[in-house]
S.K.: 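So that we are looking at the same thing, I have put the structure below in structure tokens.
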Amino acid sequence: TADIARIKYLSQLYDKRLERCMCTMQTGTQMTKLKGKKKGLVRFFYLDEHKSCIRWRPSRKHDKAKITIDSIHEVCEGKKSEIFQRYADSCFDPNCCFSIYHGDHVESLDLVSTNGDEARTWITGLKYLMAGISDEDSLAKRQRKRDQYPLLCHHGQTFSEADKNGDGNLSLGEVLQLLHKLNVNLPRQKVREMFKKADTDDNQGSLAFEEFCTFYKMMSTRRGLYLIMLSYSNNKEFMDLNDLVRFMENEQKMAGVTREYCLEIVSQFEPCSQNLQNMVLGIDGFTNYMRSPAGDIFKPDHHRVHQDMTQPLCNYFIASSHNTYLTGDQLLSESRVDMYAYVLQAGCRCVEVDCWDGPDGEPIVHHGYTLTSKILFKDVIETVNKYAFTKNQYPVILSIENHCTVPQQKKMAEYLLEVLQDKVDLSTVNMNEFRKLPSPELLKGKVLVKVKPYFFINVLLSIIKQNHFCFTQQWHKIFQHGSHSISWLSVCLKLCVFWLAAYMTSWQVSSLNESIVNQIMALKPAQLVRLNQRQLLRVYPSNYRVDSSNFNPQPFWNAGCHMVALNYQTEGRMLELNRAKFSTNGNCGYLLKPRCMNKGFFNPTLEDPLPGQSKTQLVLKIISGQQLPKPKDSMLGDRGEIIDPFVEVEIIGLPIDCCKQQTRVVDDNGFNPMWEESLVFTLHMTQIALVRFQVWDHDPIGQNFIGQRTIAFVSMMPGYRHVYLEGMEEASIFVHVAVNDITGKVGLSTGLSFALPALLSLKTKAWIFLTASQFTAHFLLNSTLDESMSCFLSRRLTCTPNCIRTSESAPTPAPSAAPVPTPGPAPS
């Protein structure tokens, strides 16, 4: 009893402390905000009345100077952030310092309070609020936002802001003004009728907050959902358990639906007590269910890792970043270690580190020969060590671009071993198994280092130059240099062949820029696919993209390229495609390629890339939109005209499948526009297709972008679904999804005859001066169709004395023709 009383007392004490924290934070505190290398700015920080965001003043951003609680990733006490490190010489008390990491790019807000108690108050209060947000499931969060929408509506327009005279009530005129800001265009008479119906208290002619909530729910009743309910309930005002079972099975394509399952739905979503007693689902309950995660278009199973993760690495697409350290363009922008934390937590599994000699023997990371800022290599590795496996345990690849001298290379190696420790220990992996790369499952918790062997090649070339070796067509001339030279030549040749043998194995990783890979795809797409079946290939942006723009990754995915490196700091269409691609396997950074890309012949550019396989028909009925905002760059903001929306649907996949269609324009309605239009698409290969929904505002002089959602075809759920626009929790499109198989024409598969190229007939000198990437590009571009390098790479290179003695003057036996490859079976 004493223990229980003590626990109760401590709990009450803790509650009182939290209450004081909230009160202090809402009252506000004057703190110093650190920014860059400039002097700190003194600002007044406070928690808003709804405990949903931190605000500060004065600020040129005015109402936009805020950080929402649900955007905060972490609150760190002390001087730990990169900004605080720049103020290393300052006399800030560490007990008064703390950092708030927030936003999509994990930016830091670094604050210094006047005393340690104030800092602890904010740290405790923020962590408490973050815990409340993280513990709240998405359904409750979405329902809370729906119930309190007048309080937390578009662009921060709150009930109190709509209350112009501050009397706690909204007049009819104030309601009409708020509806215009919410993009609602209803007839004035209809608004007046609903206003009168919701005005139930003694204060007639105005709506209190609760009354306005009632008014809003009346206004937002969904005609489309109401008609669906009527059609399955035999024109009743509710759906009973049998009606729900039929709806789930017939429309949502769910198998084995039981009455018990439907009973849970009624209990969870029905707000009306009378309907709960009768175990039926009314229009509000049905709306709640359809707007919950259960009614989302994205397959719930795909929020977690569900694919086979035990296959070789070369069987997967790998989420990859280019020049990870940069926050902006390639010439002048800032380099930050925070970017590594951001991309790793965003699901990226391959990050790039450009290493150069730094002062005091410390290697640095920056974009060479530019004005980008510099960060320490050690700080980068420590950040990778901290964030590499916070979201998932699948391996991280460090793509190191090494420009350092040998002493600083040794320093880099020391940091890799000291900081990462067992994360770089591959003693459990069979390194002699050259024909097969290990799997992501086997490499869980490991960091792989990808680096070009500059030092090894330079040493090898210096040995050759020092001994005056001359590679000519007449090998006997070499022996004129004496026995000592012969022994050195033997060593060098063995090292050359060993180096080349390593390049021929699965452990080889080639890095090519987009221009070279585009040339290869234009000339030899099938051979590129065969190469990617054997080894890893990384594609990175062209040097001309100084603005850090991104190329279209889809053509490279079509050819099976594993690591398509994008600039994660540049938001836009290409990064949205990348997010959609990898979200289909729990956003773990590894996505299993279709079986036809991993085995056999496949040419993504053919009109019929999978002969004999059935095609797929996608029928999308675009029914309606909900709470679509005005364009972000609207000149008049909320005061601008009500939008005229239309929906554009685009298929992104194989060239033969790429197309787009759009609905008609609905005039003056961004709140609940109705389209009721069907769009039909035919796809040859759904396994790599993306479906992109875009909402536009039609304008006489053009069109304005409102929002988008891109989803992998394989992640779409059938039936009636909501497509929530990315970054807008309330804005959505209501659609019906139907997928049908279409029998394709069946014919004999045509393939190309491959033969082993006369590899060893090339000059030996060419082998030494070709880097791995040049080597790959050279053979893919210059081999004939019957002498495909991709076929050669699929065979094991054996090093024998005969190989070493073979010269250009010695004719190579004609290779026998390889059997005609057959298309791999279609993925299930």
Side-chain angles (χ1 to χ4, degrees), residues 35-38 81-83 85-86 104-108 320-344 346 348 350-384 397-409 411-412 415 449-452 454-455 458 510-518 538-553 563-572 574-575 578 771 773-774:
K35 188 174 181 181
K37 296 181 180 179
K38 299 179 182 179
S81 74
E82 184 182 351
I83 297 294
Q85 300 304 319
R86 297 180 190 175
D104 293 337
H105 294 285
V106 197
E107 300 173 21
S108 65
S320 304
S321 164
H322 171 251
N323 286 359
T324 310
Y325 48 88
L326 291 180
T327 58
D329 63 67
Q330 305 285 310
L331 298 178
L332 302 170
S333 67
E334 185 181 2
S335 302
R336 287 175 50 187
V337 295
D338 294 345
M339 289 302 296
Y340 288 91
Y342 160 62
V343 302
L344 289 169
C348 179
C350 177
V351 296
E352 186 172 16
V353 189
D354 290 352
C355 304
W356 299 78
D357 281 353
D360 303 322
E362 289 290 334
I364 57 174
V365 175
H366 76 116
H367 198 204
Y369 309 113
T370 68
L371 298 178
T372 57
S373 61
K374 302 171 178 63
I375 53 179
L376 293 177
F377 176 80
K378 182 181 180 182
D379 291 344
V380 170
I381 300 305
E382 288 176 344
T383 303
V384 170
I397 300 173
L398 291 182
S399 180
I400 295 181
E401 190 173 307
N402 176 26
H403 302 276
C404 293
T405 57
V406 174
Q408 296 210 14
Q409 287 186 44
K411 197 78 171 179
M412 290 165 55
Y415 289 142
V449 180
K450 166 192 167 293
V451 64
K452 293 181 181 179
Y454 288 123
F455 178 61
N458 289 335
S510 298
S511 279
L512 302 173
N513 73 44
E514 57 174 301
S515 303
I516 294 176
V517 182
N518 277 325
R538 177 176 177 268
V539 184
Y540 59 90
S542 165
N543 296 333
Y544 294 107
R545 294 185 182 272
V546 294
D547 59 348
S548 292
S549 61
N550 283 313
F551 52 73
N552 182 6
M563 295 179 283
V564 181
L566 298 180
N567 292 303
Y568 270 62
Q569 71 272 31
T570 306
E571 278 293 336
M574 305 314 169
L575 211 57
N578 194 69
T771 66
S773 301
Q774 292 170 334

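Quick caveat, the model's predicted, so the values are computed rather than measured.
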S.K.: Is there a donor-acceptor contact under 3.5 Å from the side chain of Asp357 to the main chain of Cys404?
M.R.: no
S.K.: Within this structure, what is the CE-CG distance for the pair Met339 and Asn567, rounded to the nearest 0.5 Å?
M.R.: 9.0 Å
S.K.: Indicate yes or no: at least one non-hydrogen side-chain atom of Asp329 is less than 4.5 angstrom from one of Val546.
M.R.: no
S.K.: So Lys450 and Arg538, do their side chains get closer than 4.5 Å, heavy atoms only?
M.R.: yes
S.K.: Just one of Leu376, Ile381, Thr383 clears the side chain to side chain contact (heavy atoms under 4.5 Å, CB included) bar with Val337, so which one?
M.R.: Thr383
S.K.: Name the orientation class of the two ring planes belonging to His403 and Trp356 (parallel below 30°, tilted from 30 to 60°, perpendicular beyond 60°).
M.R.: parallel
S.K.: Heavy atoms only: give me the nearest Met412-Cys355 pair and the separation to one decimal.
M.R.: CE-SG, 3.6 Å
S.K.: Is there side-chain contact between His322 and Gln569, with heavy atoms separated by less than 4.5 Å?
M.R.: no
S.K.: Please round to the nearest 0.5 Å and tell me the distance separating atom OH of Tyr540 and atom CE of Met563.
M.R.: 12.5 Å
S.K.: Decide yes or no for Val365 and Tyr340: does some side-chain heavy atom of the first lie under 4.5 Å from some side-chain heavy atom of the second?
M.R.: yes
S.K.: When rounded to the nearest 0.5 angstrom, what distance separates CD1 in Ile516 from OG in Ser510?
M.R.: 10.5 Å
S.K.: For a side-chain contact (heavy atoms from CB on, under 4.5 Å) check, start with the C-alpha distance between Ile400 and Val449, then their side-chain angles and the critical distance, and finish with the verdict.
M.R.: CA-CA 7 Å; Ile400 295 181; Val449 180; 3.7 Å; yes
S.K.: Is it the case that the side chains of Ser548 and Gln330 hold a donor-acceptor pair, with the cut-off being a distance below 3.5 Å and no angle test?
M.R.: yes
S.K.: So do Leu326 and Ser335 actually touch side chain to side chain, heavy atoms under 4.5 Å?
M.R.: yes
S.K.: With distance as the sole test, does Asn513 use its side chain to make a donor-acceptor pair with the main-chain N or O of Ser515 at under 3.5 Å?
M.R.: yes
S.K.: Could you tell me whether the side chains of Tyr568 and Asn578 share a donor-acceptor contact shorter than 3.5 Å?
M.R.: yes
S.K.: Supply the atom-to-atom distance Arg336 CZ to Ser81 OG, rounded to the nearest 0.5 angstrom.
M.R.: 9.0 Å
S.K.: If only atom types and distance count, is the side chain of Thr370 paired as donor or acceptor with the main-chain N or O of His367 below 3.5 Å?
M.R.: yes
S.K.: Are His366 and Asp354 packed together at the side-chain level, in the sense that at least one heavy-atom pair is separated by less than 4.5 angstrom?
M.R.: no
S.K.: Rounded to the nearest 0.5 Å, how far does CD1 of Ile364 lie from CD1 of Ile375?
M.R.: 9.5 Å
S.K.: Do Glu514 side-chain atoms and Ser542 backbone N/O form a donor-acceptor pair below 3.5 Å?
M.R.: yes
S.K.: Side chain of Asn550, backbone of Leu566: donor and acceptor closer than 3.5 Å?
M.R.: no
S.K.: What heavy-atom pair brings Pro363 and Lys411 nearest, and what distance separates the two atoms?
M.R.: CD-CG, 3.8 Å
S.K.: Evaluate the side-chain proximity of Leu398 to Glu352: yes if any heavy-atom separation is below 4.5 Å, no if none is.
M.R.: no
S.K.: I would like to know whether Ser511 and Glu401 meet side-chain contact (heavy atoms from CB on, under 4.5 Å); could you show each step before the answer?
M.R.: CA-CA 11 Å; Ser511 279; Glu401 190 173 307; over 6 Å; no
S.K.: Give a yes or no on whether a salt bridge exists between Lys374 and Glu362, defined as a side-chain N under 4.0 angstrom from a carboxylate O.
M.R.: no
S.K.: Begin from the C-alpha positions of Ser399 and Val351 and carry the test side-chain contact (heavy atoms from CB on, under 4.5 Å) through to its verdict.
M.R.: CA-CA 6 Å; Ser399 180; Val351 296; over 6 Å; no
S.K.: One pair to check against side-chain contact (heavy atoms from CB on, under 4.5 Å): Thr324 and Val353. What are the steps and the verdict?
M.R.: CA-CA 7 Å; Thr324 310; Val353 189; over 6 Å; no
S.K.: Can you measure from CZ (Phe377) to CG (Asn402) and round to the nearest 0.5 angstrom?
M.R.: 9.0 Å
